[in-house]
Amino acid sequence: SSTQSAGRFLLLLGQAAPAFAPAQAKGLAIEQLDYSDGSGDLALQVRVNDFPSLEQLRQGLSETGLAVQLGSASRESDGIKARVVLGGPL
């Protein structure tokens, strides 16, 4: 149901939130957010200053207990852009 979907989305976001604050202090910008109702995954398009910052974000998200997959990452003029997919049991 749409209520369950909204609930899962909010739970994923809430579980991931503690990893965002330290990353934002180091230049994290979340440029796009997509939730897949079918898979229950939350995909983020992020921008960070450098690859070590991306790895720190991945590690911080993993420590929340979520499954984290890093998708494509590319160096652009304003930093590193990457796709991060979050999922897993809540």
Side-chain angles (χ1 to χ4, degrees):
S1 76
S2 62
T3 304
Q4 284 179 320
S5 296
R8 175 150 174 92
F9 167 76
L10 292 172
L11 285 170
L12 273 171
L13 205 53
Q15 192 168 344
F20 294 141
Q24 279 184 308
K26 296 182 179 180
L28 167 72
I30 298 172
E31 299 187 333
Q32 186 175 337
L33 194 132
D34 297 301
Y35 177 71
S36 169
D37 198 22
S39 65
D41 290 340
L42 182 62
L44 308 167
Q45 188 71 33
V46 300
R47 187 181 73 244
V48 293
N49 291 334
D50 50 33
F51 283 107
S53 296
L54 181 60
E55 175 55 25
Q56 287 175 343
L57 174 62
R58 187 205 61 76
Q59 186 174 352
L61 288 166
S62 292
E63 288 170 2
T64 68
L66 293 170
V68 181
Q69 293 180 344
L70 282 183
S72 57
S74 60
R75 184 180 301 278
E76 312 231 341
S77 61
D78 58 350
I80 307 299
K81 290 195 179 183
R83 184 169 172 83
V84 180
V85 180
L86 306 176
L90 293 172

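Count residues from 1 along the sequence.
- Contacts of Tyr35 classified as ring-ring contact (aromatic ring centres under 6.0 Å, His included), with partners at least two apart in sequence or in another chain: Phe9.
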Distance-only criterion, 3.5 Å: show the donor-acceptor pairs between side-chain atoms of residues 69-87 and protein atoms not counting sequence neighbours.
residue, atom, partner, partner atom, Å
Ser74, OG, Glu76, OE2, 3.3

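- The structure places CG of Leu54 at 11.0 Å from CG of Asn49, a figure rounded to the nearest 0.5 Å.
- Between the CD atom in Gln45 and the CG atom in Leu33 there is a gap of 11.0 Å [rounded to 0.5 Å].
- Residues Leu57 and Ala19 share a closest heavy-atom pair of CD1-O, 4.0 Å.
- Distance check: Ile30 CD1 to Gln24 CD gives 6.0 Å after rounding to the nearest 0.5 Å.
- Sorted by first and then second residue, the salt bridge (Lys or Arg N to Asp or Glu O under 4.0 Å) pairs involving residues 11-26 (not counting sequence neighbours) form an empty list.
- A donor-acceptor pair is defined here as one N or O able to donate and one able to accept, closer than 3.5 Å; such a pair exists between the side chain of Gln15 and the backbone of Thr64.
- Atom CG of Leu44 sits about 8.0 Å away from atom CG of Leu13, to the nearest 0.5 Å.
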